[in-house]
Amino acid sequence: MVEQKKDIDKTEEQKLWKILEEVKDPEVPVLSIIDLGIVRDIVVTSPLSSSAGEGPGVRLIITPTYSGCPAMDVIQMDIRLKLLEHGYRNIQIQQSLSPAWTTDWMTEEGKRKLKEFGIAPPNPKQQFCTPEMFQQEAVQCPRCNSFHTELISQFGSTACKALYRCIDCKEAFDYFKCH
Ligand SMILES: [Zn+2]
């Protein structure tokens with residue numbers, strides 16, 4: 001009986017990962033929160049159907065791309081709405097700040113989508129997101145792949161992106177610093 005229940009939870013968990021792919025980053029709508037790598041854990045907390053008529057419960061652990069990112073409130077609300085839409089009730093979302101999010105958690109698929117969107121993906125050598133770190137980075141132009149770029153402004157179209165210009169193709173572009 002115990003084994004059987006585990007299998008059900010596993011299936012339910014996989015379904016949840018799929019559903020969460022529908023939740024997009026409000027600032028870069030081509031990216032899902034799964035692409036960003038901010039969903040750390042999903043726990044199914046109550047049975048799929050109960051005599052009380054409640055929907056399945058779920059607890060999520062998410063790690064913000066950096067603490068205090070204003071987009072996180074929107075993301076949490078979007079997660080909640082998406083899960084409610086799929087019949088989940090009793091939704092708990094916990095933020096875990098340690099270990100801190102790193103750009104390594106972003107999926108390869110996510111980095112590819114960012115580049116297609118015209119935003120330079122985070123540098124592979126970048127580890128933790130701190131304002132000091134991105135200042136010295138060599139940022140690659142998403143259009144012509146040149147590293148010959150310069151920082152124009154630490155703030156691009158949103159506070160979480162920096163504005164760069166490519167010296168070779170003369171295009172300005174956003175660099176995704178920490179979400
Ligand atoms: Zn360029």
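Start at 1 and go down the list; that is how both ligands and their atoms are numbered. None of the values given here were measured: they were computed from a predicted structure.
- With values rounded to the nearest 0.5 angstrom, I38 atom CD1 is found 7.5 Å from D25 atom CG.
- C141 contributes SG and C144 contributes SG; the angle these two atoms make at the Zn ion (ligand 1) is 110°, rounded to 10°.
- With respect to the salt-bridge test (charged N to carboxylate O, under 4.0 angstrom), the residues K113 and E116 do not qualify.
- Seen from the Zn ion (ligand 1), atom SG on C166 and atom SG on C169 lie at an angle near 100° (rounded to 10 degrees).
- The Zn ion (ligand 1) lies at 2.8 Å or more from every N, O or S atom belonging to H148.
- Taken from NZ in K161 to CD in E27, the straight-line distance is 5.0 Å, to the nearest 0.5 Å.
- Classification of the Y164-Y175 ring pair by plane angle, with boundaries at 30° and 60°, yields perpendicular.
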